[in-house]
Amino acid sequence: MVSKAEIRCSVVDFRKTLDINLVETKSKIIQDRFLNLYGDRCSYLVYWSVGNEVRTKYIIDTLYKKDALIFLPKHVNGLFLPCKYEGDDKMITGKYGIQEPESNEVRYDFDVVVIPLVAFDVMCNRVGMGKGVYDRILEDVKGVRVGLAYQFQLVQHIEIDPWDKHLDIVITEENIYRR
């Protein structure tokens, strides 16, 4: 059995090697698939992509133009809280160098919750970066849990722990996986 740490290490290392053009091309396909499935909803919690994660900026921009309610994770007193996105000009650089909303308006009930991941299996179990940030967020928020991933992030099996939160769906550039 491959451990989460081993999965995390190998997938993150490979993801770092991706060419930026490949990241942009595959991300656009994934974002379009997401918007086709969920672009008509009213409220969203979306991660702000960093490094070679599947990009989310196009999703955020598209939904914002439609006047959807968009919230992003914000680091506040050791926790990540879902805070309201009010446009790019109202963003700040957070503790981990990730863009976060200036707003402190918090919400926990969403139509759709978009979660980053390092790896996933066909049962929509996920491996994150190992800090439990999104597992803790998912304890409090409600909404359809959607993961965005590249196809290469699919692994055969993830051994889950009691605190792990599964996703309802994972969208890649090649497939859509449902729990």
Side-chain angles (χ1 to χ4, degrees), residues 1-41 43-60 62-63 70-73 80 82 98 108-179:
M1 182 71 51
V2 180
S3 73
K4 287 183 191 176
E6 291 169 315
I7 292 170
R8 186 177 297 113
C9 186
S10 65
V11 174
V12 169
D13 284 350
F14 183 77
R15 190 169 66 186
K16 286 178 185 176
T17 70
L18 295 179
D19 176 77
I20 189 65
N21 292 322
L22 185 66
V23 168
E24 295 296 334
T25 300
K26 288 181 184 256
S27 289
K28 181 68 166 82
I29 294 167
I30 295 164
Q31 291 178 99
D32 284 341
R33 286 176 150 212
F34 172 84
L35 289 167
N36 285 335
L37 288 169
Y38 297 106
D40 61 346
R41 308 299 166 89
S43 61
Y44 302 81
L45 172 60
V46 182
Y47 71 93
W48 187 273
S49 54
V50 296
N52 280 349
E53 289 178 330
V54 172
R55 301 290 191 253
T56 55
K57 186 69 170 92
Y58 177 68
I59 291 171
I60 293 167
T62 301
L63 297 173
I70 303 166
F71 286 69
L72 304 171
F80 281 88
I98 301 171
Y108 293 99
D109 189 20
F110 301 96
D111 295 318
V112 182
V113 178
V114 184
I115 303 295
L117 55 93
V118 170
F120 70 99
D121 65 17
V122 295
M123 294 301 299
C124 295
N125 296 309
R126 70 180 277 279
V127 172
M129 290 301 289
K131 296 178 181 164
V133 170
Y134 281 90
D135 289 321
R136 283 190 293 281
I137 287 174
L138 290 173
E139 286 178 10
D140 298 325
V141 300
K142 294 183 180 9
V144 176
R145 300 171 179 178
V146 180
L148 304 180
Y150 306 109
Q151 188 64 39
F152 75 83
Q153 292 175 276
L154 174 65
V155 298
Q156 187 172 9
H157 176 73
I158 294 171
E159 194 65 36
I160 58 169
D161 292 306
W163 55 83
D164 290 334
K165 306 292 185 232
H166 67 80
L167 301 172
D168 297 308
I169 185 171
V170 177
I171 301 169
T172 76
E173 74 277 14
E174 295 178 16
N175 292 298
I176 296 174
Y177 301 87
R178 298 177 195 276
R179 184 158 179 93

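Because only heavy atoms are used, hydrogens play no part in the values below, and waters and symmetry mates are left out as well, while side chains stay in.
At least one donor-acceptor pair under 3.5 Å links the side chain of Asp164 to the backbone N or O of Asp161. Here the side chain of Thr172 pairs no donor or acceptor atom with the backbone of Ala149 at under 3.5 angstrom. A donor-acceptor pair under 3.5 Å is absent between the side-chain atoms of Glu174 and the main chain of Gln151, judged by distance alone. Asp121 contributes no side-chain N or O that, together with a main-chain N or O of Val155, makes up a donor-acceptor pair within less than 3.5 Å.
Here the side chains of Gln153 and Phe14 are not in contact, with every heavy-atom distance at 4.5 Å or above. Proximity of Val46 to Leu72: side-chain heavy atoms (C-beta onward) are separated by under 4.5 Å at one or more points. Leu37 is listed as a side-chain neighbour of Ile169, based on a closest heavy-atom distance under 4.5 Å. For the pair Arg126/His166, no side-chain contact is recorded, criterion being any heavy-atom separation below 4.5 Å from C-beta on. Between Lys165 and Val141 the shortest side-chain heavy-atom distance does not fall below 4.5 Å. Side-chain contact check for Ile59 versus Tyr44: every heavy-atom pair is 4.5 Å or farther apart. Under the 4.5 Å side-chain criterion, counting only non-hydrogen atoms from C-beta, Arg33 is not in contact with Glu173. Using a 4.5 Å cut-off on side-chain heavy atoms (C-beta onward), Arg55 and Val23 make contact.
The NZ atom of Lys26 lies 11.5 Å from the CG atom of Asp19; values are rounded to the nearest 0.5 Å. Here the straight-line distance linking atom OG of Ser3 with atom CD1 of Ile158 works out to 11.5 Å at 0.5 Å rounding. Atom CH2 of Trp163 sits about 11.5 Å away from atom CD of Glu139, to the nearest 0.5 Å. Here the CG-CD1 distance, from Leu35 to Ile30, works out to 12.0 Å after rounding to the nearest 0.5 Å. In this structure, Tyr177 OH and Leu167 CG are separated by 13.5 Å, a value rounded to the nearest 0.5 Å. Taken to the nearest 0.5 Å, the CD1 atom of Ile160 stands 5.0 Å off from the CG atom of Asn125.
When all heavy atoms of Ser27 and Glu53 are compared, the closest pair comes out as OG-O, 4.3 Å. Between Asp168 and Gly143, the shortest heavy-atom contact is OD2-O, 4.1 Å. Summarising the geometry of Arg8 relative to Gly128, their closest heavy-atom pair is NE-O, 2.7 Å, with the distance given to 0.1 Å. Across every non-hydrogen atom of Tyr150 and Asn52, the tightest pair is OH-O, 2.9 Å.
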* Run the numbers on Leu148 and Tyr47 for side-chain contact (heavy atoms from CB on, under 4.5 Å), then give the verdict. => CA-CA 10 Å; Leu148 304 180; Tyr47 71 93; 3.8 Å; yes
* **From CA spacing to verdict: side-chain contact (heavy atoms from CB on, under 4.5 Å), Val113, Ile137** => CA-CA 10 Å; Val113 178; Ile137 287 174; 5.5 Å; no
* Asked: Step by step, would you call Phe152 with Leu18 a side-chain contact (heavy atoms from CB on, under 4.5 Å)?
  -> CA-CA 11 Å; Phe152 75 83; Leu18 295 179; 3.7 Å; yes
* **Stepwise side-chain contact (heavy atoms from CB on, under 4.5 Å) check, Thr56 with Phe34** => CA-CA 10 Å; Thr56 55; Phe34 172 84; over 6 Å; no
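Annotation: Lys57, atom NZ; neighbour count of heavy atoms from other residues, nucleotides and ligands within 6.0 Å is above 12.
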